[in-house]
Student: 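Sharing a structure with you now.
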Amino acid sequence: MTEQRSIKLHPSWLKVLGEEFDKPYMTALRAFLLAEKKQGKIVYPANDNWFSAFDKTPFNKVKVVVLGQDPYHGANQAHGLCFSVLPGVATPPSLVNIYKELDSDLGIVPAAHGCLNHWAEQGVLLLNATLTVVAGQAGAHQNQGWETFTDRAIQALNEEREGLVFILWGSYAQKKGSFIDQQKHCVIRSPHPSPLSAYRGFFGSKPFSQTNAYLTSRAEEPINWQLPAE
């Protein structure tokens with residue numbers, strides 16, 4: 001599989017998802033992305049960050065899954081982890097609200113940056129349904145094949161792992177994660193942290209303390225949600 005040698009994907013995930021790269025939908029997706037670039041379109045994130053969520057959180061180390069929809073479509077924002085931006089980039093509104101809930105839930109003062117690498121390194125898979133987007137065009141790469149790939153990743157976690165926490169914010173994430181076996185895993189649902197919906201039930205939903213209570217109940221190390229300084 002020559003494609004595997006050209007992508008940055010943790011070996012544990014390649015073992016689970018490697019065959020996906022030989023399937024027709026992925027061949028079509030690859031052709032689509034090449035065509036987009038040939039047309040001069042700017043695609044976010046950079047190529048080597050498309051699979052960052054998988055690379056930073058190995059399959060066997062996943063404890064928590066947070067499902068997003070699309071990468072950020074502004075300059076220098078997306079780096080492969082849902083809701084996260086690199087240090088030095090203004091914290092986006094949804095993440096500002098996530099930080100507010102984190103403060104309300106656990107008393108953790110919001111970080112001065114929006115980089116969530118620290119969460120990913122502890123086992124929080126920050127996975128968007130679609131892994132690329134065109135600059136300035138939200139949702140531009142939906143329904144081109146990425147959703148099939150990320151569905152397969154979620155299915156593998158659902159079937160091959162036990163005791164994970166799936167955090168499903170908003171109707172899109174809840175629909176995508178509707179098949180998760182709640183006898184094997186903890187599923188936390190609430191409205192999306194977007195400014196459009198956060199006041200409809202996201203605030204006060206306490207996803208972070210719920211997550212850690214579940215992990216602790218299974219004798220797992222809880223997530224340290226406190227982000228380090230830049």
Side-chain angles (χ1 to χ4, degrees), residues 7-10 13 16-17 19-21 23-30 32-33 36 41 43-47 49-57 59 62-74 77-85 92-95 97-98 114 116 119-120 123-161 164-181 185 187-194 196-198 202 207:
I7 60 171
K8 185 181 180 184
L9 191 65
H10 193 275
W13 278 108
V16 174
L17 298 174
E19 292 182 359
E20 299 299 304
F21 291 95
K23 293 183 177 179
Y25 83 87
M26 188 60 79
T27 301
L29 173 59
R30 192 157 50 242
F32 168 77
L33 292 169
E36 291 281 88
K41 295 181 181 179
V43 175
Y44 295 137
N47 296 36
N49 286 331
W50 290 357
F51 300 99
S52 284
F54 300 105
D55 199 52
K56 291 186 180 298
T57 311
F59 180 79
V62 174
K63 293 181 177 181
V64 182
V65 181
V66 178
L67 290 183
Q69 188 167 357
D70 291 292
Y72 295 121
H73 57 269
Q77 289 184 307
H79 68 112
L81 307 182
C82 73
F83 296 106
S84 180
V85 293
S94 289
L95 185 53
N97 285 340
I98 290 169
L116 305 182
W119 294 358
V124 182
L125 181 67
L126 296 163
L127 182 63
N128 277 315
T130 303
L131 301 187
T132 58
V133 72
V134 171
Q137 297 179 35
H141 287 177
Q142 290 179 5
N143 303 314
Q144 297 294 336
W146 281 129
E147 294 93 340
T148 302
F149 182 80
T150 52
D151 279 350
R152 177 67 191 101
I154 298 164
Q155 288 167 357
L157 289 167
N158 179 53
E159 294 168 6
E160 300 178 34
R161 297 289 309 281
L164 303 184
V165 180
F166 289 85
I167 299 177
L168 309 179
W169 287 328
S171 58
Y172 183 91
Q174 289 162 24
K175 183 177 179 181
K176 190 172 180 70
S178 60
F179 62 84
I180 295 164
D181 185 348
H185 306 287
V187 179
I188 297 172
R189 299 179 179 87
S190 82
H192 195 276
S194 159
L196 296 174
S197 57
F202 172 75

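FYI, side chains are in, hydrogens and waters are out, and symmetry mates aren't considered; it's all heavy atoms of this structure.
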Student: Do L33 and R30 have side-chain heavy atoms sitting under 4.5 Å apart?
Tutor: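 Contact flag for L33/R30 side chains = no.
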
Student: Spell out, as yes or no, whether a donor-acceptor pair under 3.5 Å connects the side chain of D181 to the backbone of E159.
Tutor: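 No, the answer is negative, given that no donor and acceptor are paired below the 3.5 Å cut-off.
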
Student: Side chains of H141 and V134, heavy atoms from C-beta outward: is any pair under 4.5 Å?
Tutor: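 Yes, side chains in contact.
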
Student: Any idea which heavy atoms bring A156 and F59 closest together, and the distance?
Tutor: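 Taking every non-hydrogen atom into account, O-CZ, 3.8 Å.
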
Student: Ignoring hydrogens, what is the shortest heavy-atom contact between N97 and A198? Give both atom names and the distance.
Tutor: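 Smallest heavy-atom distance, with atoms named: ND2-CB, 3.7 Å.
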
Student: Are D151 and K176 side-chain neighbours, meaning at least one heavy-atom pair lies under 4.5 Å?
Tutor: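 In contact.
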
Student: When you measure from the side chain of E147 to the backbone N and O of N143, does any donor-acceptor pair fall under 3.5 Å?
Tutor: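 Yes, because the side chain of E147 sits within donor-acceptor range (under 3.5 Å) of the backbone of N143.
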
Student: Evaluate side chain to side chain contact (heavy atoms under 4.5 Å, CB included) for L29 paired with W146, printing each intermediate quantity in order.
Tutor: CA-CA 7 Å; L29 173 59; W146 281 129; 3.5 Å; yes

Student: Are S94 and H192 close enough that some pair of their side-chain heavy atoms sits under 4.5 Å apart?
Tutor: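 Yes, at least one pair of side-chain atoms sits under 4.5 Å.
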
Student: If you measure from CD on Q155 to CD on E160, what distance do you get to the nearest 0.5 Å?
Tutor: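 Nearest 0.5 Å value for the CD-CD distance: 10.5 Å.
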
Student: To the nearest 0.5 Å, what is the distance between NZ on K41 and CD on E36?
Tutor: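 Here the rounded value is 3.5 Å.
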
Student: If you look at every heavy atom in P207 and I188, which pair is closest and at what distance?
Tutor: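 Between these two residues, the closest heavy atoms are O-CD1, 3.8 Å.
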
Student: Can you measure from CG (N128) to OG (S52) and round to the nearest 0.5 angstrom?
Tutor: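 Nearest 0.5 Å value for the CG-OG distance: 11.5 Å.
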
Student: For the CG atom of L127 and the CD atom of Q69, what is their distance to the nearest 0.5 Å?
Tutor: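 So the gap between those two atoms works out to 12.5 Å.
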
Student: Using every non-hydrogen atom in the two residues, find where R161 and V62 come nearest and quote the distance to one decimal.
Tutor: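 Closest pair (atom of R161, atom of V62, distance): NH2-O, 2.9 Å.
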
Student: Any salt bridge (charged side-chain N to carboxylate O under 4.0 Å, His left out) pairs touching residues 130-144, not counting sequence neighbours?
Tutor: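 Every pair satisfying salt bridge (charged side-chain N to carboxylate O under 4.0 Å, His left out) with a residue in residues 130-144: there are none.
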
Student: L125 and side-chain contact (heavy atoms from CB on, under 4.5 Å): which partner among L157, V64, I154?
Tutor: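 The single option meeting the side-chain contact (heavy atoms from CB on, under 4.5 Å) with L125 is L157.
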
Student: Look up atom CG in L67 and atom CZ in F83, then write down how far apart they are to the nearest 0.5 Å.
Tutor: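 Rounded to the nearest 0.5 Å, the CG-CZ separation comes to 9.0 Å.
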
Student: Measure across L17 and F149 and return the closest heavy-atom pair with its distance rounded to 0.1 Å.
Tutor: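 Taking every non-hydrogen atom into account, CD1-CZ, 3.7 Å.
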
Student: So, do L95 and L116 sit near enough that their side-chain heavy atoms are less than 4.5 Å apart?
Tutor: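 Of all side-chain heavy-atom pairs linking L116 with L95, at least one is under 4.5 Å.
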
Student: Specify whether F51 and F54 have parallel, tilted or perpendicular ring planes, treating 30° as the upper limit for parallel and 60° as the lower limit for perpendicular.
Tutor: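 Judged by the thresholds at 30° and 60°, the geometry between F51 and F54 is tilted.
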
Student: If we ignore hydrogens and angles and just use 3.5 Å, is the side chain of W13 paired with the main-chain N or O of T57 as donor and acceptor?
Tutor: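 Looks like yes, one N/O pair under 3.5 Å.
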
Student: How far apart are the closest heavy atoms of S190 and W169, and which atoms are they?
Tutor: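 Smallest heavy-atom distance, with atoms named: OG-CD1, 3.1 Å.
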
Student: Within the side chain of Q77, is there an N or O that forms a donor-acceptor pair under 3.5 Å with the backbone of V85?
Tutor: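 Not confirmed, Q77 side chain does not pair with V85 backbone.
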
Student: Using atom types as modelled and distance alone, determine if a side-chain donor or acceptor of D70 lies under 3.5 Å from a backbone N or O of A138.
Tutor: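 No, because the side chain of D70 does not come within donor-acceptor range (under 3.5 Å) of the backbone of A138.
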
Student: Does a side-chain heavy-atom distance below 4.5 Å link W50 with T132?
Tutor: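 Of all side-chain heavy-atom pairs linking T132 with W50, at least one is under 4.5 Å.
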
Student: Begin from the C-alpha positions of F202 and I98 and carry the test side chain to side chain contact (heavy atoms under 4.5 Å, CB included) through to its verdict.
Tutor: CA-CA 9 Å; F202 172 75; I98 290 169; 4.0 Å; yes

Student: Rounded to the nearest 0.5 Å, what separation is found between the CD1 atom of I167 and the CD atom of Q174?
Tutor: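 Here the rounded value is 12.0 Å.
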
